[in-house]
Undergrad: 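Quick one: the structure is below, questions incoming.
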Amino acid sequence: FFCVVFLLTACDQQGRGFNLPKGDAEQGRATFILLQCNDCHSVSTRVPWVGENRDDPTHVALGGLTTQVRTYGDLVTSIIHPSHKLSRGANPAVATPDGESKMRTYNEVMSVQELIDLVEFLQAEYEIWVPDYYTYRH
């Protein structure tokens, strides 16, 4: 029991919640294109979306400025279980009426190394924006 607690604590200190080998971001970019993720997604300026209309509701932009940290675990979960954050009433272009994602499932075709590389690539594409805040005196 002590060993399991120690390992979980050690993994959490890395900010990933679990420990996987470091990926190769350029290989991740290649995997993104190979799996045709850019049929529905663009990644900042690094991978353009292949659709014709930038306002198409099926286009989901990844990367860029965000106020929310995209953790390693968040990205892994979004890839292997894309419905985990969708709900009924989500955009019908990207979700079924039952709230399931229309994203293709790659779990049977993507290797663990490809997943690791893909997450390494995506994580590096997010930039955290911290808004200015003001302290109001009473």
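Numbers here simply count residues along the sequence, with the first being 1. It should be emphasised that the depicted structure is a prediction, and the values quoted were computed from it without experimental measurement.
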Undergrad: Rounded to the nearest 0.5 Å, what separation is found between the CD1 atom of I79 and the CG atom of D74?
TA: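 Between atom CD1 of I79 and atom CG of D74 there are 11.0 Å.
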Undergrad: Could you pull out all donor-acceptor pairs under 3.5 Å where a side-chain atom in residues 28-36 meets a protein atom, sequence neighbours excluded?
TA:
residue	atom	partner	partner atom	Å
R29	NE	R46	O	3.2
R29	NH2	R46	O	2.9
T31	OG1	Q27	O	3.0

Undergrad: Can you check side-chain contact (heavy atoms from CB on, under 4.5 Å) on M110 and L118, steps first, answer last?
TA: CA-CA 10 Å; M110 184 178 3; L118 182 56; 4.2 Å; yes
Undergrad: Count I, L, V, M, F, W, Y as connected when their side-chain heavy atoms are under 4.5 Å apart, and connections chain through other members. Are V43 and W129 then in the same cluster?
TA: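 Different hydrophobic clusters.
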Undergrad: If Ile, Leu, Val, Met, Phe, Trp and Tyr residues are connected whenever their side-chain heavy atoms lie under 4.5 Å apart, and connections chain through other members, are L65 and V47 in the same group?
TA: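 L65 does not cluster with V47.
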Undergrad: Could you measure the distance from the OG1 atom of T105 to the CG atom of N107? Nearest 0.5 Å is fine.
TA: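 Rounded to the nearest 0.5 Å, the OG1-CG separation comes to 6.0 Å.
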Undergrad: Please report the interatomic distance SG(C37) to CE(M103), rounded to the nearest 0.5 Å.
TA: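 C37 SG to M103 CE: 6.5 Å, rounded to 0.5 Å.
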Undergrad: Are the side chains of V60 and H41 in touch, meaning some heavy atoms are under 4.5 Å apart?
TA: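 Sidechains of H41 and V60: in contact.
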Undergrad: So which atom in S42 and which in P48 form the shortest heavy-atom distance, rounded to 0.1 Å?
TA: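 Here S42 and P48 meet closest at CB-C, 4.2 Å.
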Undergrad: Are the side chains of W49 and L62 in touch, meaning some heavy atoms are under 4.5 Å apart?
TA: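 Result no, sub-4.5 Å side-chain heavy-atom pair not found.
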Undergrad: Considering non-hydrogen atoms only, spot the tightest contact between G64 and S44 and give its length.
TA: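 Closest approach of G64 to S44: N-OG, 3.0 Å.
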Undergrad: So do T66 and I128 actually touch side chain to side chain, heavy atoms under 4.5 Å?
TA: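 Touching, per the 4.5 Å side-chain cut-off.
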Undergrad: Nearest 0.5 angstrom please: E26 CD to E120 CD, how far?
TA: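 Output value for this atom pair is 11.0 Å.
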Undergrad: Between S83 and S101, what is the shortest heavy-atom contact and its length?
TA: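 That closest heavy-atom pairing would be OG-N, 2.7 Å.
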Undergrad: Is there a side-chain contact between D117 and F121 (heavy atoms, below 4.5 Å)?
TA: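 Not in contact.
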Undergrad: Hey, could you give me the CD/CG distance between E114 and D24, rounded to the nearest 0.5 Å?
TA: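 The CD atom of E114 sits 12.0 Å away from the CG atom of D24.
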